[in-house]
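Note sheet for the following structure.
If you're wondering where the values come from, they're calculated on a predicted model, not measured in any experiment. Just so we're on the same page: letters track the sequence lines, and every chain starts at 1.
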Amino acid sequence: MKRYDRICALLFLAIAVAAMVLSSYMPMGRTSKPGPGFLPFWVGVILALLSIFLLVESGFRKGPAESVKFLAGEGRWPNVIWTAGSLLGYGFLIEVLGFVISTLILLLFLFRYIGNQKWWIACTGTSLVTLAAFLIFKVGLKVQLPRGFF
Amino acid sequence: MGYLDSIFLGFAVCLEPTNLFFCFMGVFVGTLIGVLPGVGPVATISMLLPATFKMTPVGAIIMLAGIYYGAMYGGSTTSILVNIPGETASIVTCLDGYQMARRGRAGPALGISAFGSFIAGTAAVLFLTFLAPPLATIAIKFGPPEYFALMVLGLTLLIYLAHGSMIKALMITCVGLLLSFIGLDNISGFERFTYGIATLEDGIGLVPVAMGMFGVGEVLLNIEESVAKRDIFKAKLSNLLPNRQDWKDSAMPILRGTLLGFILGILPGGGHVLASFASYALEKRVSKHADKFGQGAIEGVAGPEAANNAGAGGQFIPLMTLGIPASPVMALMLGALVIFGLQPGPLLISRSPDLFWGVIVSMYIGNIMLLVLNLPLIGMWVRVLRVPYPFLFPLILLFCSIGAYSLSNNKFDVLIMAAFGVIGYLLKKVRFEAAPMLLGLVLGLMMEDSFRQSLIMSGGSFDIFFNRPISASFLLGAIVLLAIPAVRGGKKILAAKLTENE
């Protein structure tokens, strides 16, 4: 935990410094009429101070090292990356391929490869859920869903 | 308008068939997601928000509110039967509820939690009915300094109550504030942190962020941890009604839980999660047989269950009277109200009485519906519990994506949601909480506006925050909250150093 706290502290420090630098390019205004850069700058300063505090404090901390496991769990960790990636892909593809096709691909992938279902279950699930989602959102709630290239 | 007229108006609004239907849909969906672990009210309300755009504002808020308090009911069912809390608010219920179930008393445990929830939920609505209008008349007198101070106090309270490190909670709040500054500046129209990306001009939306952190992030965590085999309790659920002794044991805890929960619910940053924990601690302290807690004491179920429902009701007060959301769920409600062109705040009750009273009355009716849904139909929910996670998570992800996309028919929101899903996953790993960040994101611009207006009012002097009694006392409260742990932590470090030197 200690090591991760230090890494986090450094990352947050970087965010804080970035916020300070970037907002210093904006009009700061005076205290009688603060400009758009005023609060972002000072929130950045506060965040920087807090990050430095965490950095220093985690150095002094004693006690049993608590381990954080990223992507743990007996070979399941690639699934986390795949799942997050598939959502990003869905976001990029939904306007190109349209709602129906991209949803079919997303669900089939999730059911079959992440959820480890048998092929026939994955296929049935995919088609039923896509149909249901289409009926609920497009027909029932009249939400506009992208049609894609057709 | 007297209370009686108002309540009649509320009934007239709420008993319209469409609104009754929305109320039922709300509590039904709420119970469903309460029972399903891994889907919480925040993710659900975000998912369904776009679907409400075509409804009337009253219907939409009635349904969203129903989801929220319905989830409080449903969450306890999983805690008792499977020892998996459906919601964070029902973590405490696991302690004694599951033990009761293991001792063959699953029925009374479910029964008392449903009745306790019903009593507390109804009482909270009554308090809300009588407290909200007078509070709104006080709130009208609030100027920018008071608003700023109150929001500071709210954020501080949330930080103070954060599990784990307060420094981390403070840091993540700052990040939330910084995120809120992205987009057009409200006062000068200046573009901040947008870099020519047109979608960023409106800022980063609360809904995709909430869905990402609470919906997608949770799914990612669950996928990684083995999809645990749930040991579902297979006892017969025949005697759901608590017996006379049970009632005698639970009456006072329910009463105390209701009051405690409501008070904690009103406080910005408090809320139902804290309420259930506080009530458990209180019951354990006042109990004559504290050693029975953790081994199936019915008081340990009745008190917290009442408290979390009362807390859920109490949270509507800061939203409806001040326009300040006290929790992520209320932030989403605020978003919904704004989408419908209603500005929550002190004038909401007088400007849209049909909305305010309609929603209040819908909560009375919703509570009755929930009692019917949760007691006679408990078997159905137990069956829902058996839906395996590999079937569930693709649905959660799909509905989140559709919800994000349909917010403004923009794929950018889906991408933001996915990105914040990963961020939420990582933050949880390194023990940063998501709620303070989300609230920082919501309150950031509001805080900035009132901060800048205050300084313009005072001509640049910061005294304005301390000259006015109300804002001064809010800020003083915030300072005290921040100082307590610092002093405590300092003492601890000092003590550690001293022992080291000896």
Contact class of A:Ile7 relative to chain B, heavy atoms under 4.5 angstrom:
neither

What residue, out of B:Leu398, B:Thr173, B:Val216, has the most heavy-atom pairs lying under 4.5 Å from chain A?
B:Leu398

Would you check, one step at a time, whether the test side chain to side chain contact (heavy atoms under 4.5 Å, CB included) holds for A:Glu57 with B:Ile167?
CA-CA 10 Å; A:Glu57 186 254 359; B:Ile167 290 290; 6.0 Å; no

Gap between atom CZ of A:Phe41 and atom CZ of B:Phe181 - 0.5 Å precision
13.5 Å

Looking only at heavy atoms, which of residues 11-27 of chain A get nearer than 4.5 Å to chain B?
A:Phe12, A:Ile15, A:Ala19, A:Leu22, A:Ser23, A:Met26, A:Pro27

dist B:Ile223:CD1 -> A:Leu110:CG (nearest 0.5 Å) comes out at 7.0 Å

Measuring from B:Lys411:NZ to A:Tyr90:OH, what's the distance to the nearest 0.5 Å?
13.5 Å

If you count heavy-atom pairs under 4.5 Å with chain A, which of B:Asp413, B:Val422, B:Leu427, B:Leu397 comes out on top?
B:Leu397

For residues B:Phe399 and A:Phe137, establish whether the separation of their ring centroids is below 6.0 Å.
yes

Restricting to non-hydrogen atoms, name the atom on A:Val43 and the atom on B:Cys174 that form the minimum distance, rounded to 0.1 Å.
CG1-O, 3.7 Å

Contact check, side chains of A:Val129 and B:Leu395, non-hydrogen atoms, under 4.5 Å
yes

Side-chain atoms of residues 29-39 of chain A: list all donor-acceptor pairs with protein atoms under 3.5 Å, sequence neighbours left out, distances to 0.1 Å.
from	atom 1	to	atom 2	distance (Å)
A:Arg30	NH1	A:Ser32	OG	3.0

Would B:Phe391 and A:Gln117 count as a side chain to side chain contact (heavy atoms under 4.5 Å, CB included) here? Give the steps.
CA-CA 9 Å; B:Phe391 279 110; A:Gln117 301 293 334; 3.9 Å; yes

So with a 6.0 Å cut-off around NZ of B:Lys428, is the heavy-atom count from everything else above 12?
no

Please state whether the side chain, the backbone, both or neither of B:Met55 comes within less than 4.5 Å of a heavy atom of chain A.
neither

Which one, B:Val414, B:Leu455, B:Asp185, leads in non-hydrogen pairs under 4.5 Å with chain A?
B:Leu455

Are any non-hydrogen side-chain atoms of A:Leu87 and B:Met417 less than 4.5 angstrom apart?
yes

Enclosure of B:Phe190 CZ (heavy-atom neighbours >12, cutoff 6.0 Å)
yes

Do the side chains of A:Asp5 and B:Arg431 get close enough for a salt bridge, i.e. N-O under 4.0 angstrom?
no

Heavy-atom distances under 4.5 Å only: say whether A:Thr130 touches chain B with side chain, backbone, both or neither.
neither

B:Tyr405 side chain near A:Pro146 side chain, heavy-atom distance below 4.5 Å
yes

Greatest number of non-hydrogen atom pairs under 4.5 angstrom with chain B, of A:Pro40, A:Gly91, A:Gly115, A:Ala133, falls to A:Pro40

B:Phe462 versus chain A, the contacting section by heavy-atom distance below 4.5 Å
side chain

Do you know which of B:Phe412, B:Phe393, B:Phe53 has the most heavy-atom pairs with chain A at a distance under 4.5 angstrom?
B:Phe393

Toward chain A, the part of B:Phe451 with a non-hydrogen atom under 4.5 Å:
side chain

Need one label for B:Leu170: side chain, backbone, both or neither, based on atoms under 4.5 Å from any heavy atom in chain A.
both

Got more than 12 heavy atoms from elsewhere within 6.0 Å of CE, A:Met28?
yes

Determine, stepwise, if the pair B:Met171 / A:Leu54 fulfils side chain to side chain contact (heavy atoms under 4.5 Å, CB included).
CA-CA 9 Å; B:Met171 286 165 71; A:Leu54 181 66; 3.8 Å; yes

Where does B:Leu177 contact chain A at under 4.5 Å (heavy atoms): side chain, backbone, both or neither?
side chain

